[in-house]
Undergrad: 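The structure that follows is given in the form of structure tokens.
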2 protein chains.
Amino acid sequence: MRRPLTERHEVLPALAEVFREHGFEGASLTRIGQATGLGKGSLYHFFPGGKTEMAAAVLAEIDAWFEAHVFAPLCGVQDPERAVGAMLESIGRYFHSGRRVCLVGLFALGDARGTFARPVRTYFRRWVDALASALVRGGLAPASAADLAEDAVMTIQGAIVLTRALEDPRVFERAGSRVRERLRLKRR
Amino acid sequence: MRRPLTERHEVLPALAEVFREHGFEGASLTRIGQATGLGKGSLYHFFPGGKTEMAAAVLAEIDAWFEAHVFAPLCGVQDPERAVGAMLESIGRYFHSGRRVCLVGLFALGDARGTFARPVRTYFRRWVDALASALVRGGLAPASAADLAEDAVMTIQGAIVLTRALEDPRVFERAGSRVRERLRLKRR
DNA sequence: GGCGGTCTGTACCGTTCGGTACAGACTCTG
DNA sequence: CAGAGTCTGTACCGAACGGTACAGACCGCC
């Protein structure tokens with residue numbers, strides 16, 4: 001019936017959700033097994049390195065998704081102003097208006113600090129740089145573009161924290177319009 | 001030598017650091033015991049409710065500290081502009097320029113979501129409201145004061161995430177100046 | 001010095017943890 | 001259908017988990 005059967009990357013979304021909901025330490029193999037519908041045997045077949053390898057794989061897929069849907073478009077040839085708007089829209093959908101946690105940000109806060117420091121750093125640096133490059137192509141000076149990009153990324157991260165804390169998605173929406181306004185304002 | 005011996009609140013700082021470093025689920029009683037120098041027996045003597053009560057006590061102390069050193073001054077009689085500046089300075093010292101995690105924000109991201117939703121919500125709401133009140137006393141319209149206050153708090157939270165991710169305290173410092181500038185800019 | 005209560009280290013409870021071993025059910029090839 | 005190889009559920013391991021029980025160390029007090 002099914003092909004060579006499940007492939008490794010097919011379980012990644014479910015895996016990611018477990019890590020998002022419970023963090024690295026809180027994501028037990030039992031929970032992971034339930035969420036993916038896989039027994040430990042299958043899990044260790046796909047991820048011989050255990051939980052660490054699972055989390056690394058999830059991070060890698062997240063990074064790939066952002067590279068394709070967020071970072072690359074920012075660096076692409078299309079109108080930079082439109083690219084920035086598209087980013088904010090993608091981000092809003094991806095994070096479910098702040099109800100969904102940013103796993104990379106969560107790991108940055110300490111859940112599995114040392115282990116994933118590198119991919120975490122790379123992800124955020126790439127995000128800031130990509131956004132800054134779009135702003136530069138939009139006519140901004142490199143210095144203020146970098147400053148503005150850094151501000152935008154951290155505002156989004158803070159918006160996720162505050163939205164979940166206050167349990168009110170409008171917080172995230174307001175943050176989005178604020179960022180949009182700031183990025184547009186500085187253009188001229 | 002020592003008085004009735006250790007009091008409950010004397011172990012709270014060490015306790016808080018363990019939760020900050022490992023999150024709620026990652027903070028095992030063994031680690032807590034090592035960090036506080038107390039055996040399980042003593043811990044359960046002070047916190048009959050176990051780990052949950054420990055975390056609640058830590059949150060309560062954090063809240064009290066912010067109430068005394070951040071929120072109350074913002075609502076006080078002193079010059080609002082000076083109060084805002086003092087807040088940013090306190091915050092910077094408290095969070096070690098972003099190297100230290102905000103435990104309340106960490107809990108908001110999911111580590112112990114349901115259990116501490118109430119104190120988490122209260123803490124952030126109080127923070128935003130206190131800052132907004134200072135801005136209103138500074139001459140701002142209530143609506144834009146609320147907007148600006150929300151933006152400042154989320155920027156600080158995002159700055160902590162980004163500072164730790166990039167492992168560069170200057171990120172936090174830059175965020176501080178940006179917030180300061182924004183809060184001053186709108187005054188006139 | 002004895003007393004009563006507060007405090008604390010140790011041993012232990014049942015459970016769950018991350019990880020391993022392995023038998024057998026599957027799919028494909030011939 | 002036979003065989004090789006891939007996949008997967010179950011049972012199991014030692015360690016560590018959160019939490020409890022309790023004997024005794026320690027204290028101010030008389």
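Per chain, numbering begins at 1; letters A, B, ... match sequence-line order.
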Undergrad: Under a 4.5 Å cut-off applied to non-hydrogen side-chain atoms, are Leu162(B) and Phe172(B) in contact?
TA: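 Answer no - side chains too far apart.
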Undergrad: Could you state the atom-to-atom distance from CE of Met54(A) to C1' of dG18(C) in whole Å?
TA: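 After rounding, the gap between these two atoms is 9 Å.
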Undergrad: Rounding to an integer number of Å, can you tell me how far Leu29(A) CG sits from dC13(D) C1'?
TA: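 Atom CG in Leu29(A) sits about 14 Å away from atom C1' in dC13(D).
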Undergrad: Considering every strand and a 4.0 Å limit on heavy-atom distances, what is the contact class for Gly50(B): base, sugar-phosphate, or nothing?
TA: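 Sugar-phosphate, no base atom in range.
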Undergrad: For Thr30(B), does its backbone N or O pair with a side-chain atom of Lys40(B) as donor and acceptor, under 3.5 Å?
TA: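 Absent.
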Undergrad: Taking the side chain of Ser42(A) as heavy atoms from C-beta outward, which of dG18(D), dG9(D), dT10(D) is closest to it?
TA: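 That would be dG9(D).
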Undergrad: From CD of Gln34(B) over to C1' of dT8(C), roughly how many Å is that when rounded to an integer?
TA: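 Between C1' of dT8(C) and CD of Gln34(B): 17 Å.
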Undergrad: Expressed as a whole number of angstroms, how long is the span from Tyr44(A):OH to dT10(D):P?
TA: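 Going from OH in Tyr44(A) over to P in dT10(D) covers 18 Å.
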Undergrad: Calculate the interatomic distance between Arg31(A) atom CZ and dT15(C) atom P; express it in whole Å.
TA: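 Computing the Arg31(A):CZ to dT15(C):P distance gives 18 Å.
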Undergrad: How are the rings of Phe107(A) and Phe19(A) set to each other: parallel, tilted or perpendicular (split at 30° and 60°)?
TA: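 Rings of Phe107(A) and Phe19(A): perpendicular, as their planes differ by over 60°.
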Undergrad: Any Lys/Arg nitrogen of Glu25(B) or Arg31(A) sitting under 4.0 Å from an Asp/Glu carboxylate oxygen of the other?
TA: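 Counted as a salt bridge, because a side-chain N and a carboxylate O are separated by less than 4.0 Å.
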Undergrad: Can you tell me which nucleotide in dG18(D), dT20(C), dC17(C) comes closest to the side chain of Thr30(A)?
TA: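 Nucleotide nearest to Thr30(A)'s side chain: dC17(C).
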Undergrad: Want to settle it: does Gly41(A) or Lys40(B) sit nearer the 5' end of DNA chain C, counting the closest nucleotide to each?
TA: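 It is Lys40(B) whose nearest nucleotide is closer to the 5' end.
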Undergrad: Measure NE2/His22(A) against P/dT16(C) and give the value in whole Å, please.
TA: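 In whole Å, dT16(C) P lies 15 Å from His22(A) NE2.
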Undergrad: Taking only side-chain nitrogens and oxygens of Ser28(B), does any of them come within less than 4.0 Å of OP1 or OP2 of dC17(D)?
TA: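 Affirmative; the distance criterion is met.
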Undergrad: Would you say His45(B) places a side-chain N or O within less than 4.0 Å of OP1 or OP2 belonging to dC7(C)?
TA: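 For His45(B), the contact criterion (side-chain N or O under 4.0 Å from OP1 or OP2 of dC7(C)) is met.
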Undergrad: Transitively linked via ILVMFWY side-chain contacts under 4.5 Å: Val136(B) with Val128(B)?
TA: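 Not linked; separate clusters.
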Undergrad: Check if the side chain of Lys51(A) and the base of dG18(C) share a donor-acceptor pair of N or O atoms closer than 3.5 Å.
TA: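 Not at all, since no donor on one side and acceptor on the other fall under 3.5 Å apart.
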Undergrad: Atom CZ of Phe47(A) and atom P of dG19(C): how far apart are they, to the nearest Å?
TA: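 These atoms are roughly 13 Å apart.
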Undergrad: Could you check how far CD1 of Ile32(A) sits from C1' of dG18(C), rounded to whole Å?
TA: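 Atom-to-atom, Ile32(A) to dG18(C), this comes out as 10 Å.
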